[in-house]
There are 2 protein chains.
Amino acid sequence: MVKPDKRDEIVRAALELIAENGFHGAPMAMIADKAGVGAGTIYRYFENKDVLINELYRELEQRLYAVLMGGYSPEKPVRERFIHLGTAILRYCITNPLDFRYLEQFHNSPYGVVHRRDKISGEADEKDIYRKLFEEGLAKKVIKDLPLVVLFALAFGPLITVARDHILGFVVLDEALIGQTIAASWDGLKR
Amino acid sequence: MVKPDKRDEIVRAALELIAENGFHGAPMAMIADKAGVGAGTIYRYFENKDVLINELYRELEQRLYAVLMGGYSPEKPVRERFIHLGTAILRYCITNPLDFRYLEQFHNSPYGVVHRRDKISGEADEKDIYRKLFEEGLAKKVIKDLPLVVLFALAFGPLITVARDHILGFVVLDEALIGQTIAASWDGLKR
DNA sequence: TATTACAGAATGAACGTTCATTCTGCGTAA
DNA sequence: TTACGCAGAATGAACGTTCATTCTGTAATA
């Protein structure tokens with residue numbers, strides 16, 4: 001009954017507008033316009049704006065996870081796996097700038113803080129490959145003996161920053177530079 | 001006639017509300033309330049909300065700069081100066097969480113992007129100690145031969161991330177951990 | 001008295017959401 | 001085959017709220 005392509009159009013429009021203008025620069029009326037539907041139609045698919053925002057986040061998270069797992073081999077050395085994941089994540093961010101910008105908006109907002117708190121306090125599920133990788137690195141004494149949260153900061157801090165700078169046009173990340181950046185962030189991590 | 005302490009109260013209230021709730025969680029009426037002045041009074045001191053936001057940013061930037069320069073000795077080795085600046089910045093962020101949160105809000109908003117673009121395209125002024133430090137490190141071949149923007153990402157990415165996590169309560173940064181974190185981010189930077 | 005500072009009410013624009021109505025396509029009856 | 005009836009999808013004007021900003025009257029100052 002419900003045509004899924006309308007839902008898709010709404011999600012796509014929301015992604016584009018929110019990524020470019022932030023949550024408050026993307027009124028429902030504008031999202032509806034860009035999606036080519038009436039304002040009320042959105043509410044047939046999403047209970048309210050919050051639900052739309054959270055559902056879109058979950059879709060992006062899944063897409064990113066799928067990309068990360070492509071060609072990932074759990075039996076390889078920790079360093080090699082880190083390089084693989086870092087490269088994948090950085091490449092994904094710069095070839096999908098809208099996704100990246102959306103994820104950033106989300107993380108830098110009350111939505112993201114709540115989401116993160118839930119995640120940290122919970123058990124490591126199957127999808128938490130970074131956490132598992134770092135724990136293994138700690139056990140094998142190949143990375144520094146620091147709290148997980150600090151290791152995350154050392155690993156992701158530079159990647160996120162550099163991805164943002166690329167998208168904003170402050171630097172051009174080619175394959176060589178991507179490799180050097182990830183190698184450098186590994187230097188910060190390794191024991 | 002114009003009492004400066006009213007201006008100060010407005011600025012203080014704005015800092016607190018914006019740091020805690022974001023720009024959109026800090027209506028002018030609420031700022032006025034918290035400052036103990038009438039809503040209209042704010043407009044005697046600031047032309048509009050944008051001006052208030054930008055002026056507050058500049059004040060914080062200056063305070064931070066003053067802190068960074070305390071005990072800074074340009075003749076010491078690059079590594080030592082980096083550690084000094086990193087420690088100062090991290091300590092400042094976690095002892096002034098409101099300032100830090102405000103600066104983050106600002107940077108992750110259109111205000112920040114504009115500000116940054118202006119800064120990067122401009123000449124390095126006296127206040128750009130990080131830029132000067134990295135350029136010297138490059139010349140002396142003690143840090144990796146990467147674009148300045150990437151070096152910034154390697155240095156600040158982890159610090160900002162870890163400061164945020166501390167303030168949100170995801171980790172407790174004591175002096176030892178601060179030192180280890182900065183040493184680790186230097187490992188990412190050094191050649 | 002004249003001028004300035006101020007508080008808070010007033011204003012209008014913008015927003016998320018609702019809802020009475022219209023549209024669409026399919027099942028049924030003739 | 002055509003005409004009709006109907007369920008539910010879609011619509012967008014309208015509503016109530018919230019916000020930044022302006023206006024107005026009053027108190028303080030000179």
Side-chain angles (χ1 to χ4, degrees), chain A residues 1-59 101-102 105-106 108-112 114-115, chain B residues 1-59 101-102 105-106 108-112 114-115:
Chain A
M1 281 293 143
V2 173
K3 286 198 221 144
D5 58 335
K6 267 195 195 199
R7 206 198 98 105
D8 279 2
E9 284 308 315
I10 292 166
V11 167
R12 188 197 325 281
L15 168 62
E16 202 171 320
L17 285 170
I18 294 174
E20 280 166 1
N21 312 321
F23 293 118
H24 297 280
M28 292 300 254
M30 206 183 283
I31 294 175
D33 252 26
K34 176 154 258 178
V37 303
T41 306
I42 297 180
Y43 292 85
R44 296 196 47 75
Y45 294 90
F46 304 95
E47 196 190 327
N48 55 43
K49 195 176 183 180
D50 268 28
V51 169
L52 168 59
I53 287 170
N54 280 291
E55 216 141 305
L56 175 47
Y57 177 77
R58 245 178 302 154
E59 286 186 27
R101 297 278 292 159
Y102 185 90
Q105 302 272 3
F106 189 91
N108 292 314
S109 76
Y111 301 112
V114 170
H115 180 264
Chain B
M1 269 283 156
V2 173
K3 289 193 219 147
D5 59 335
K6 268 193 198 202
R7 205 199 100 105
D8 279 1
E9 283 308 317
I10 292 167
V11 166
R12 188 198 322 283
L15 167 61
E16 201 171 321
L17 286 170
I18 293 174
E20 278 166 2
N21 312 320
F23 294 118
H24 297 279
M28 294 297 258
M30 206 182 284
I31 294 174
D33 252 27
K34 177 153 258 177
V37 303
T41 305
I42 298 180
Y43 290 85
R44 295 198 48 74
Y45 294 89
F46 304 95
E47 194 189 329
N48 56 42
K49 195 176 183 179
D50 269 29
V51 169
L52 169 59
I53 287 170
N54 279 292
E55 217 141 304
L56 176 47
Y57 176 78
R58 245 178 303 154
E59 287 187 24
R101 297 277 294 158
Y102 184 91
Q105 302 271 4
F106 189 90
N108 292 314
S109 76
Y111 301 110
V114 170
H115 179 264

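We name chains A, B, ... by the order of the sequence lines, and we start the count at 1 in each one.
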(message) Can you tell me how far apart NE2 (B:H115) and CZ (B:F106) are? Round to the nearest 0.5 Å.
(response) 6.0 Å
(request) Starting at atom CG of B:L52, determine the distance to atom P of D:dA20, rounded to an integer number of angstrom. (result) 10 Å
(request) Specify the separation, in whole Å, of atom CD of A:E9 and atom P of D:dA9. (result) 19 Å
(request) Provide, to the nearest angstrom, the distance between the CG atom belonging to B:D33 and the P atom belonging to D:dA20. (result) 13 Å
(request) Quickly work out the B:N21 CG to D:dT18 C1' distance and round it to whole Å. (result) 15 Å
(request) Rounded to the nearest angstrom, tell me the gap between atom CZ in A:F46 and atom C1' in C:dT18. (result) 18 Å
(request) Calculate the interatomic distance between A:I31 atom CD1 and C:dT17 atom C1'; express it in whole Å. (result) 13 Å
(request) Measure from CE on B:M30 to P on D:dC19 and round the result to the nearest Å. (result) 6 Å
(message) Just verifying a value: how many Å separate A:L15 CG and A:D8 CG, rounded to the nearest 0.5 Å?
(response) 12.0 Å
(message) Quick check for you: to the nearest 0.5 Å, what is the distance between A:M28 atom CE and A:I42 atom CD1?
(response) 4.5 Å
(message) Once rounded to the nearest 0.5 Å, what's the spacing between atom CD1 of B:I10 and atom CG of B:D5?
(response) 10.0 Å
(message) Quick test of your reading: applying side chain to side chain donor-acceptor pair (under 3.5 Å), list the pairs with at least one residue in residues 11-29 of chain A, sequence neighbours left out, ordered by first then second residue.
(response) A:E9-A:R12, A:E16-A:K34
(request) Whole angstrom is fine here: how far is it from CD1 in B:I10 over to P in C:dA5? (result) 13 Å
(request) Sort out for me which residue in A:L52, A:V51, A:I53 forms a side-chain contact (heavy atoms from CB on, under 4.5 Å) with A:E55. (result) A:V51
Protein-nucleic acid N or O pairs under 3.5 Å, nucleotides 11-16 of chain D:
unit_1, atom_1, unit_2, atom_2, d
D:dT11, OP2, A:G38, N, 2.7
D:dT11, OP2, A:T41, OG1, 2.5
D:dG12, N7, A:G40, N, 3.2

(request) Report yes if at least one side-chain N or O of A:Y45 is closer than 4.0 Å to OP1 or OP2 of D:dA9; otherwise report no. (result) no
